There are 2 protein chains.
Amino acid sequence: MAARPTDTKEAILRLGTEFIQTYGYNAFSYADISKELHIKNAAVHYHFPGKEDLLAGIIDQYIHRYRELAKSFGNPGIAAKQKLQAIISRYSLLCEQGKICLIGSVCTDYNTLPESVKTRLTELIELVLGMVEKVLKEGKKKGELQFTETARVKSMLLMTNLAAGVQLARITGQKDYTAICNSLLKQLVV
Amino acid sequence: MAARPTDTKEAILRLGTEFIQTYGYNAFSYADISKELHIKNAAVHYHFPGKEDLLAGIIDQYIHRYRELAKSFGNPGIAAKQKLQAIISRYSLLCEQGKICLIGSVCTDYNTLPESVKTRLTELIELVLGMVEKVLKEGKKKGELQFTETARVKSMLLMTNLAAGVQLARITGQKDYTAICNSLLKQLVV
DNA sequence: AAAATTACTTACCAGTTAGTAAGTATTGTA
DNA sequence: TACAATACTTACTAACTGGTAAGTAATTTT
């Protein structure tokens, strides 16, 4: 009801992210968000005129966060194994919460997305793949990691294992996901 | 309009599968199906009373097909590499058609599915994983394949690479998917 | 103190969703 | 030839979808 610096917008982004990770982009509505936040659906439209604006906002948040993570990985003091573990930990947390990877979730609905969102999603994916690729390359150079594939291919193999792994885990159980992670690290770390 | 042995039901199953693989389960409607088949939406409801019945029917078809494939794999004359290639080929075909894995697509919407579908989906996943596990185990025993993980874990790693790989390919390009497949085979085949 | 801005609510809407009840034409069966 | 059964169509509905226009109260700026 006022012009105080609002946290509603942040709450909508948070909840939208949670819905996508829990039910999928095309399975939640503005009504779901407004009910949970005890506001009217028009308030959601005030912050995000269309549903595509909300998704764009969520992806932009992710791009920002992964840019920060990539920047923090610039520190040469951190071991490659530790960087890998930081990435894996993010997915482990999702798994424990019964959620799935946002990128993996949105990818399914790719053909239903407007161009503005497709562009952002592609940017986010290349950002993540590029970041992991760099970690792998450096780790190999320093003799901390081992793999025979190109860093690009290995980063795709790793991320598809993690993203689809958490989706599998939601159905076949978390033990399977843990086994996947252990295997990935054992295989990569010298 | 008649009591001839209908192919409408099969057409609905086919189109439903295509929609799930192209747009996702929660992104298509009975209207989409009826329009494309030039029938009324009530005709779709005649064959599949609810949308969950349609999805159940589609998954049942997949269970049937994978049971057949698993049975054909019982033939000890077929090399493990050939069996692997048969599985990979299915995903390559999807990739070329701009579609994604049905299981991968439905997994995203898992929490929005009724119990009857969840049960079937779990059965299908365990069927596929079990089939691949068997191929891997036998291939290793015969000295045709190599891997250090358990067959169960390796089958999950392989299938998550394929399923998420085709989703990635739809965004970053088919070259990436081809590179993934080549790497998987090179790694596994002795 | 007036004007503008922010962050909403109220009240609405057109289109779409899955779904149903009743009727109809065609075909196979007793 | 009567009678089911099949495979639909016609006609409808209640609930929900994303979305908007207009109003309001609190705050910030001028």
Side-chain angles (χ1 to χ4, degrees), chain A residues 1-20 22-59 105-106 108-109 111-118, chain B residues 1-20 22-59 105-106 108-109 111-118:
Chain A
M1 304 98 178
R4 49 173 154 63
T6 184
D7 49 2
T8 302
K9 190 168 184 174
E10 281 302 312
I12 295 170
L13 284 167
R14 220 198 65 243
L15 198 54
T17 303
E18 195 179 312
F19 280 144
I20 292 173
T22 312
Y23 306 110
Y25 176 67
N26 285 314
F28 81 92
S29 69
Y30 269 31
D32 294 324
I33 288 181
S34 60
K35 265 176 217 155
E36 180 108 3
L37 295 180
H38 304 290
I39 55 176
K40 302 296 156 183
N41 76 78
V44 186
H45 281 284
Y46 169 74
H47 291 288
F48 301 99
K51 207 182 170 187
E52 63 180 90
D53 300 302
L54 173 54
L55 181 55
I58 290 170
I59 295 177
S105 180
V106 177
T108 300
D109 305 292
N111 285 333
T112 72
L113 305 176
E115 214 54 46
S116 64
V117 174
K118 282 184 179 175
Chain B
M1 303 96 181
R4 48 175 153 65
T6 184
D7 48 2
T8 302
K9 191 169 183 172
E10 282 303 312
I12 294 169
L13 285 167
R14 219 199 66 244
L15 198 56
T17 304
E18 196 179 312
F19 280 144
I20 292 173
T22 311
Y23 307 110
Y25 176 67
N26 285 314
F28 82 92
S29 69
Y30 270 31
D32 294 324
I33 288 182
S34 59
K35 264 175 218 157
E36 179 108 4
L37 295 180
H38 304 290
I39 55 177
K40 302 296 156 186
N41 76 79
V44 186
H45 281 284
Y46 169 76
H47 292 287
F48 302 97
K51 208 182 170 186
E52 63 180 89
D53 300 303
L54 173 54
L55 182 54
I58 289 170
I59 294 177
S105 181
V106 177
T108 300
D109 305 292
N111 286 331
T112 73
L113 304 175
E115 215 54 46
S116 63
V117 174
K118 281 184 179 175

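The sequence lines fix the lettering, A, B, ..., with proteins before strands; numbering per chain opens at 1. Keep in mind that this is a model prediction, so the values were computed, not measured.
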When rounded to whole Å, the NE2 to C1' distance for the pair A:His47 and C:dT6 reads 9 Å
In numerical order, the residues of residues 35-46 of chain A whose heavy atoms come under 4.0 Å of DNA chain C are A:Ile39, A:Lys40, A:Ala42, A:Ala43, A:Tyr46
Point to revise | Under 4.0 angstrom between B:Ser29 side-chain N/O and C:dT17 OP1 or OP2 | key: yes
Between NZ of B:Lys51 and C1' of C:dT16 the distance, given in whole Å, is 12 Å
The ring-ring contact (aromatic ring centres under 6.0 Å, His included) partners of B:Phe48 (sequence neighbours excluded) come to none
note: A:Lys9, atom NZ; C:dC8, atom C1'; distance rounded to Å ~ 14 Å
For B:Ala43, the side-chain contact (heavy atoms from CB on, under 4.5 Å) test, sequence neighbours excluded, returns B:Ile39
*asked:* Check this one for me: any side-chain N or O of B:Thr8 less than 4.0 Å away from OP1 or OP2 of D:dC8?
replied: yes
note: A:Tyr30, atom OH; C:dT9, atom P; distance rounded to Å ~ 15 Å
Contact class for B:Phe28 vs. all strands (heavy atom < 4.0 Å): base, sugar-phosphate, or nothing? sugar-phosphate
Those residues at least two apart in sequence (or on a different chain) that pass side-chain hydrogen bond (donor to acceptor under 3.5 Å, both in side chains) with A:Asn41 are none
When rounded to whole Å, the CG to P distance for the pair A:Asp7 and C:dT6 reads 17 Å
Across all chains, not counting sequence neighbours, the side-chain contact (heavy atoms from CB on, under 4.5 Å) partners of A:Ala11 are A:Arg14, A:Leu37
Whole-Å distance, B:Glu52 CD to C:dA18 C1', equals 11 Å
Check your understanding: Between B:Ile20 and B:Leu55, is any pair of side-chain heavy atoms under 4.5 Å apart?
Key -> yes
For B:Pro114, the side-chain contact (heavy atoms from CB on, under 4.5 Å) test, sequence neighbours excluded, returns B:Glu52, B:Ser116, B:Val117
Check: protein-nucleotides 13-15 of chain D nitrogen or oxygen pairs below 3.5 Å:
none

Sequence neighbours excluded, the answer for side-chain hydrogen bond (donor to acceptor under 3.5 Å, both in side chains) partners of A:Asp32 is A:Ser29
Contacts of B:Lys118 meeting side-chain contact (heavy atoms from CB on, under 4.5 Å) (sequence neighbours excluded), chain-then-number -> B:Tyr110, B:Leu113, B:Glu115
Atom CD1 of B:Ile12 and atom C1' of D:dA7 are separated, to the nearest Å, by 11 Å
Practice task
Please confirm whether A:Lys9 makes a cation-pi placement over A:Tyr46, using NZ or CZ under 6.0 Å from the six-membered ring centre and within 45° of the ring normal.
Solution key: no
To the nearest angstrom, the CG-C1' distance between A:Asp32 and D:dG18 comes to 12 Å
